[in-house]
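Everything numeric here is computed off the predicted structure, so don't read it as measured data. Both ligands and their constituent atoms are indexed starting at 1 by order of listing.
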Amino acid sequence: MKIIDISRPFMAGMPTWPGDTPFHYVVNWPKAESGSVNVGKVTMSIHTGTHVDAPFHFDDDGRKIAELPLDLYIGEARVVELAGRSSIGPEDFSQVDLEGVERLLLKTLSWRDPHQFPSTICHLRADLPVFLAKKGIRLIGVDVPSVDPLDSKELAAHHGLHQHDIHILEGLLLDHVEPGDYELIALPLPLVEADGSPVRAILRGS
Ligand SMILES: N[C@@H](CC(=O)c1ccccc1NC=O)C(=O)O
Ligand SMILES: [Zn+2]
Ligand SMILES: [Zn+2]
């Protein structure tokens with residue numbers, strides 16, 4: 001079985017939301033000092049690189065990341081390419097088969113330079129969540145930092161997806177992935193109080 005890594009590398013200088021905590025790793029207690037080991041420390045925003053959102057991210061009463069069922073993040077997933085669009089709604093799926101799909105990963109190719117935070121991205125329109133829910137989708141993954149426009153404060157797509165019990169995986173790297181069916185593994189860390197978690201997202205296929 002081939003493993004395809006669809007995670008963005010965590011490293012100094014990686015793109016983050018404007019004004020948000022930059023990613024920082026430091027060997028906080030070097031071997032020379034501790035006498036036996038290098039001990040690292042990481043500082044970062046939860047919404048950096050490839051990560052999942054918990055409902056608590058946009059709803060004070062929403063569930064935290066460690067409360068979400070793990071089976072959302074492991075299992076069959078379909079990668080669909082919908083590139084060259086500024087937004088995606090139900091009409092964009094007229095030629096797309098979503099039969100039996102629970103995990104849908106959208107390859108929008110709208111985050112062109114991986115070294116910079118994008119200025120605009122392809123977002124999900126407000127009428128998409130109900131359409132996806134009727135198809136049986138439980139997890140949506142995107143290759144951009146958000147399912148909403150970057151300047152959105154209402155977060156219509158985040159709230160709409162949540163209302164329809166569709167969970168959100170953001171910041172995937174799908175440029176090198178052929179559309180089709182795979183097994184997805186993208187497990188969040190058990191961060192008990194958190195609004196989301198970074199994930200190592202992979203696809204397994206033949
Ligand atoms: N909803 C976005 C995050 C987001 O909107 C955000 C993340 C960090 C700092 C500010 C943000 N939004 C500001 O308006 C996400 O889920 O990744
Ligand atoms: Zn997020
Ligand atoms: Zn989000």
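The closest side-chain heavy-atom distance from V52 to H167 is not below 4.5 Å. With contacts defined as side-chain heavy-atom distances shorter than 4.5 Å, the pair L150/T120 does not qualify. Under the 4.5 Å side-chain criterion, counting only non-hydrogen atoms from C-beta, E91 is in contact with R125. The closest side-chain heavy-atom distance from T108 to I121 is not below 4.5 Å.
For ligand 1, the 4.0 Å heavy-atom shell contains residues W17, D20, H47, H51, D53, H57, P145, K153, H158, E170.
Sorted by chain and number, the protein atoms of type N, O or S within less than 2.8 Å of the Zn ion (ligand 2) are H47 ND1, H51 NE2, D53 OD1, E170 OE1.
Between F10 and Y25, the ring centre distance reaches or exceeds 6.0 Å.
Side chain to side chain, T50 and R8 fail the donor-acceptor criterion of an N or O pair below 3.5 Å. D59 and H158 form no side-chain donor-acceptor contact under 3.5 Å, judged by distance and modelled atom types alone. With no hydrogens or angles considered, no side-chain donor-acceptor pair links D53 and H162 at under 3.5 Å.
The aromatic rings of W17 and F117 are tilted relative to each other, their planes meeting at an angle between 30° and 60°.
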